[in-house]
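Right, one structure below, let's go through it.
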Amino acid sequence: MAKWTAFPYDAAEYTLDAASLKKKWARLHAGDAEPLPKDDKVLAAWALFHAGEFQKATEAGLKAGGAGITVANKAQAIYANYLETNEKTKLALFQEVAERAEAQAAEDPKNANAWYLSAYALGRYSQGISVAKALAQGLGSKVKGALETAIKLQPKHADAHIGLGTFHAEVIDKVGSLLGRTQGASKEAGLAAFKTALKLNPDSAIAMVEYANGLVMLEGDKKMKEAEQLYADAAAFNPADAMERLDVEMAKAELEE
């Protein structure tokens, strides 16, 4: 595995031992509803993830196997999305996560995060190759189906609701409402999904950022003021781990544009 770009911020306050991680678990996993692992090796891999050691978390998760595959997939997907600068490498990392997560879902079909992470990786891959191209390849229905399965298995999966909102917004923004309907996308469903995500996890900077992006895609300039307020609220958050820090920094960047 080539050396990944290091987390660019101070991670001291996000570095947790097993006892601290268990205490903070509910807060840290309010978005993905991942159950507290029983295996100490998997818990250790999650500690690496929360501290921004994404490559080490991926390697430790793969080595642990079982529930460790989830942390490996999430660490690799988050790294690819935020820190990988080479577009070709980024797409390859997303493809790898999607394949692993699909295999995990086939083996453990009741694992909500296996479905969610396959959708997340495929969704980000689709954005990378262009949404229109991805829809032509049938990836849209795959992403939507996996997200809906994740929500069916775990209705409180806030991140899957964000993903669903983003799916509806991206499709309508890129191909329009009429063609969007053929992909099962609608403005109303998109906005409802974002609102559900924020209701489930009000302390989510990424929910606010994606909702703001979705509002602009679905409603245009008339919602720009509301979107800017969402970016500002997200930028003011106190992040609980490395991933949230990246979300907050992204919100700050949106405000500066």
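Taken from OG1 in Thr196 to CG in Leu164, the straight-line distance is 9.5 Å, to the nearest 0.5 Å. Within the model, atoms CD1 of Ile206 and OG1 of Thr166 stand 8.0 Å from one another, a figure rounded to the nearest 0.5 Å. Considering CG of Asp241 and NZ of Lys24, their distance stands at 9.5 Å, rounded to 0.5 Å. Between the CD atom in Glu188 and the NE2 atom in His168 there is a gap of 10.0 Å [rounded to 0.5 Å]. Taken to the nearest 0.5 Å, the CG atom of Leu122 stands 11.0 Å off from the CG atom of Leu117. Between Ser118 atom OG and Gln104 atom CD the span is 9.5 Å, to the nearest 0.5 Å.
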Could you walk me through whether Tyr211 and Phe194 pass ring-ring contact (aromatic ring centres under 6.0 Å, His included), step by step? CA-CA 6 Å; Tyr211 185 23; Phe194 286 126; 5.5 Å; yes
Go through the steps for Trp115 and Ile151 under the test side chain to side chain contact (heavy atoms under 4.5 Å, CB included), then give the verdict. CA-CA 9 Å; Trp115 292 99; Ile151 290 166; over 6 Å; no
Could you walk me through whether Lys144 and Glu148 pass the salt bridge (charged side-chain N to carboxylate O under 4.0 Å, His left out) check? CA-CA 6 Å; Lys144 185 170 181 272; Glu148 287 171 344; 3.1 Å; yes
Verdict with reasoning, Leu36 to Leu43, per side chain to side chain contact (heavy atoms under 4.5 Å, CB included): CA-CA 8 Å; Leu36 180 69; Leu43 191 69; 3.9 Å; yes
Applying side chain to side chain contact (heavy atoms under 4.5 Å, CB included) to Leu153 and Tyr116, what does each step give before you reach the verdict? CA-CA 10 Å; Leu153 290 166; Tyr116 167 68; over 6 Å; no
Show the numbers, then the answer: is there a side chain to side chain contact (heavy atoms under 4.5 Å, CB included) between Lys3 and Gln55? CA-CA 8 Å; Lys3 190 142 174 60; Gln55 185 164 18; 4.3 Å; yes
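Contact check for Glu170 versus Met217: side-chain heavy atoms found under the 4.5 Å cut-off. Between Leu28 and Met243 there is no side-chain heavy-atom pair separated by less than 4.5 Å. The closest side-chain heavy-atom distance from Met208 to Tyr231 is not below 4.5 Å. Side-chain contact between Trp4 and Leu93 is present, with at least one heavy-atom pair separated by less than 4.5 Å. No side-chain heavy atom of Leu230 sits less than 4.5 Å from a side-chain heavy atom of Val209. A heavy-atom distance below 4.5 Å is not found between the side chains of Phe7 and Tyr79. Pro35 places none of its side-chain heavy atoms less than 4.5 Å from the side chain of Trp25. Two residues are said to be in side-chain contact when any heavy atoms from C-beta on lie closer than 4.5 Å; Glu96 and Gln76 meet this criterion.
Taking each heavy atom of Ala242 and Phe49 in turn, the nearest pair found is CB-O, 4.3 Å. Nearest heavy-atom pair, Phe237 versus Ser204, reported as atom, atom and distance to 0.1 Å: CE2-N, 3.5 Å. When every heavy atom of Ala169 is checked against every heavy atom of Gly214, the shortest pair comes out as CB-CA, 3.9 Å. The heavy-atom pair separating Lys156 from Ala33 by the smallest distance is O-CB, 4.5 Å. The shortest heavy-atom contact between Ser186 and Ile172 is C-CD1, 3.2 Å. Scanning both residues, Gly123 and Val143, for their nearest heavy atoms gives N-CG2, 3.8 Å.
Between the side chains of Asp233 and Gln229, at least one donor N or O sits under 3.5 Å from an acceptor N or O. Judged purely by distance below 3.5 Å, without hydrogens or angles, the side chains of Asn73 and Thr70 never pair a donor atom with an acceptor atom. Looking at Glu84 and Thr5, their side chains never bring a donor and an acceptor atom within 3.5 Å of each other. Asp159 and Tyr120 share no donor-acceptor pair across their side chains, judged by distance under 3.5 Å alone.
The backbone N or O of Pro155 sits less than 3.5 Å from a side-chain atom of His161, completing a donor-acceptor pair. Under the 3.5 Å distance criterion, the side-chain polar atoms of Thr89 are left unmatched by any main-chain donor or acceptor of Thr85. Thr149 places a side-chain N or O within 3.5 Å of a backbone atom of Gly145 that can act as its donor or acceptor partner. Under a 3.5 Å cut-off, the side chain of Asn111 and the backbone N or O of Ala114 do form a donor-acceptor pair.
For His29 and His157, the gap between ring centers reaches or exceeds 6.0 Å.
Comment: Glu59 does not engage Lys63 in a salt bridge, judged by the lack of any side-chain N to carboxylate O separation of less than 4.0 angstrom. Here Lys223 does not pair with Glu228 in a salt bridge; the nearest charged N to carboxylate O distance is not below 4.0 Å. The pair Lys252-Glu256 fails the salt-bridge criterion, with no side-chain N (NZ, NE, NH1 or NH2) lying under 4.0 Å from an Asp/Glu carboxylate O. A salt bridge does not link Lys74 with Glu34: none of the charged nitrogens is closer than 4.0 Å to a carboxylate oxygen.
No chain of hydrophobic side-chain contacts below 4.5 Å, direct or via other Ile, Leu, Val, Met, Phe, Trp or Tyr residues, connects Val97 to Val71. Under a hydrophobic-cluster definition in which Ile, Leu, Val, Met, Phe, Trp and Tyr are linked whenever side-chain heavy atoms come within less than 4.5 Å, directly or via other members, Phe94 and Tyr82 are assigned to the same cluster.
The cationic group of Arg245 lies under 6.0 Å from the six-membered ring centre of Tyr9 and within 45° of the ring axis, placing it in a cation-pi geometry.
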